[in-house]
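What you see is a predicted model; the values in this text were computed from it and never measured.
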Amino acid sequence: MKHDGTDRRTLLKAGFAAPIAWQAPPAMAASPDGALFDPDTLFADVRTYAEAGNKQSGGAGDRWTADWTANRLGAAGFAVERQAFEVPWFEASLCTLTIGDLAIPSTAQPLAVPTPPDGLSAPLRLAETAGRLDGAIALVRLPHRRWSSLLEPAARAPIADAIARGAAAVILVTTGPTGEALLLNAPADKPLADRPIVLLAPKRAAPAIEAARHGGQATLRLTGHGGRRIAENIVGRRRVSAGRWIIVSTPRSGWTDCAGERGPGIAIWLALARWAPRAFPRHNLLFVCNSGHEYENLGAAHLVEAIAPPPGESDFWLHLGANAATRDWQEIPGRLLPLPSADSYRFLMTSPDLVEPARRIFKGQPGIEMAYPSSEGAAGELAEVVRAGYPRHAGIFGAHRHHHAATDDLSTVAAEPLAATARGFRDLLTAAIPADR
């Protein structure tokens, strides 16, 4: 299958800390099923995931989380294997935009193209102004959005335009709810352009914008090292003779600590892995935790190509994507105030036969109370499932306010809406696979 990574845009227009000790799953198998979906139990797993630190594919946090999820699957009775594949990586040693005596910290947008060691000194110009930009550092201001992918037309087009007009580098101001720089998903094969692309947090952008208005001189420095390394999908199988397949998948990788982006999906996935063998004794089960997500669903593409059972042998595929159950926030100028409810910017999409059951099950849950048929535009890794032809499926995806920001920490998750969402997916699985099948 050729993986082009374009589907996230269809509807959404998504450093490792000190090592932490292994944590056994709370309230193991002797507990009743209801305890698996208790708020405290689920939140404990989000906490463990968050404490593993940065989750970039193949990095220390991603590797730790791979081992942790593999251990948990094994404890739940699954036979565990790993699907390895290559991903790019880059660690910046210096990334700054200097204007006069002011050095503004910036963020390298993967796949990074470094500047010369001494930096790139040139006039700073606003990209929205007309005319040539020959040799300039072009400053592109993105409109306010919960940004996710470098391939979104609203991000990609102004970058391509600035480079076509001769810009030597691009500074991208990722305007969003947090005021932070937002790292953007990107293809794994090559950089978007052959020139440096650097992200600038909106809260730090005012001096650069002012200098760009007047064509002031600036120096961009982006240095570091990188290459390619191995990332792994964690695959757990429980095989029953002649049984058909139920598949449950979730990504675990991303640009930051990803506590809200990935943590709820991971926690729900772990709870379902402990519950499903008893709930579906006559079905084969495949539980998969993917890496490579930030490279336009790379791990999911490898999974569908080489690991997943054929669509004709599968009864249902459930995918737990970004913002499965993340805290909502009030937006006021310069601040975000936490709310106890779930962020409604999440989408539940299913095969046509499950739209009405899903709407009944998730009634009253913000954002996902209105399930949509996947034909209206599945995004993220669910798009890989739909494109591969799995006929019965459901998936959740979205972008919370701290999506792809360094501030995506444990404060972005609230236990009660997490538990409500987890119980909903448990009930959706039960509705999708009747007891007599």
- Message: So does Leu150 get a backbone contact from the side chain of Arg156, meaning a donor-acceptor N/O pair under 3.5 Å?
- Response: no
- Over all atoms of both residues, closest heavy-atom pair of Leu36 and Ala271: O-CB, 3.6 Å
- Query: How far does CG of Leu120 sit from CD1 of Ile137, to the nearest 0.5 angstrom?
  - Reply: 4.5 Å
- Thr65 side chain to Gly61 main-chain N or O, any donor-acceptor pair under 3.5 Å? yes
- Any donor-acceptor pair under 3.5 Å from Gln83 side chain to His302 backbone: yes
- Check for a donor-acceptor pair, side chain of Trp255 on one end and backbone N or O of Ala405 on the other, with a separation under 3.5 Å. no
- Salt-bridged, Lys55 to Asp408, with N to O below 4.0 Å? no
- With rounding to the nearest 0.5 Å, note down the distance linking CZ in Phe287 to OG1 in Thr69. 12.5 Å
- For Leu139 and Ala208 the tightest heavy-atom approach is CD1-CB, 3.7 Å
- Task: Report yes or no: is the cationic atom of Arg262 (NZ for Lys, CZ for Arg) under 6.0 Å from the centre of the six-membered ring of Tyr49, at an angle within 45° of the ring normal?
- Result: no
- Under 30°, 30 to 60°, or over 60°: which ring-plane class applies to His400 and His402, parallel, tilted or perpendicular? tilted
- Task: Check whether the ring centres of Tyr390 and Phe316 lie less than 6.0 Å apart, and answer yes or no.
- Result: no
Would you be so kind as to tabulate the donor-acceptor pairs closer than 3.5 Å made by side chains of residues 84-100, with sequence neighbours excluded?
| residue | atom | partner | partner atom | Å |
| --- | --- | --- | --- | --- |
| Glu86 | OE1 | Arg228 | NE | 3.1 |
| Ser93 | OG | Thr223 | O | 3.2 |
| Ser93 | OG | Thr223 | OG1 | 2.9 |

- Message: Would the distance check show the side chain of Asp328 and the main-chain N or O of Ser341 forming a donor-acceptor pair, the cut-off being under 3.5 Å?
- Response: no
- Message: Could you check whether any side-chain N or O of Trp317 sits under 3.5 Å from a backbone N or O of Leu382, counting only pairs where one atom can act as donor and the other as acceptor?
- Response: no
- Item | Check ion pair Asp67-Arg82 (N to O, under 4.0 angstrom) | yes
- Residue list, salt bridge (Lys or Arg N to Asp or Glu O under 4.0 Å) with Arg360, at least two apart or on another chain: none
- Query: Are the side chain of Thr326 and the backbone N or O of Asp343 linked by a donor-acceptor pair below 3.5 Å?
  - Reply: no
- Item | Pair Ser374, His393: side-chain N/O donor-acceptor within cut-off below 3.5 Å | yes
- Item | Inter-residue atom distance Phe425.CZ - Leu348.CG, 0.5 Å rounding | 5.0 Å
- Query: Is the count of non-hydrogen atoms from other residues, nucleotides or ligands lying under 6.0 Å from Arg335 atom CZ greater than 12?
  - Reply: no
- Message: Tell me the closest heavy-atom pair linking Met349 and Gly377, and the distance in Å.
- Response: SD-O, 3.5 Å
- Message: Tell me whether Asp161 is salt-bridged to Arg165, with the criterion being a basic N under 4.0 Å from an acidic carboxylate O.
- Response: yes
- Query: Is a side-chain donor or acceptor of Asp257 paired with a backbone partner of Asn54 at a separation under 3.5 angstrom?
  - Reply: yes
- Between His319 and Ser249, a side-chain donor and acceptor under 3.5 Å: yes
- Item | Considering all heavy atoms, the nearest Val173-Pro202 contact | CG1-CA, 3.9 Å
- Task: For a side-chain contact (heavy atoms from CB on, under 4.5 Å) with Ser253, tell me which candidate from Cys289, Ser57, Cys258 qualifies.
- Result: Ser57
- Shortest non-hydrogen contact from Ala394 toward Leu428: CB-CD2, 3.8 Å
- Query: Looking at Thr407 and Thr412, what are the two nearest heavy atoms and their distance?
  - Reply: O-CG2, 4.0 Å
- Flag, side chain of His144 to backbone of Thr175, donor-acceptor distance under 3.5 Å: no
- Side chain Arg401, main chain Thr178, donor-acceptor under 3.5 Å: no
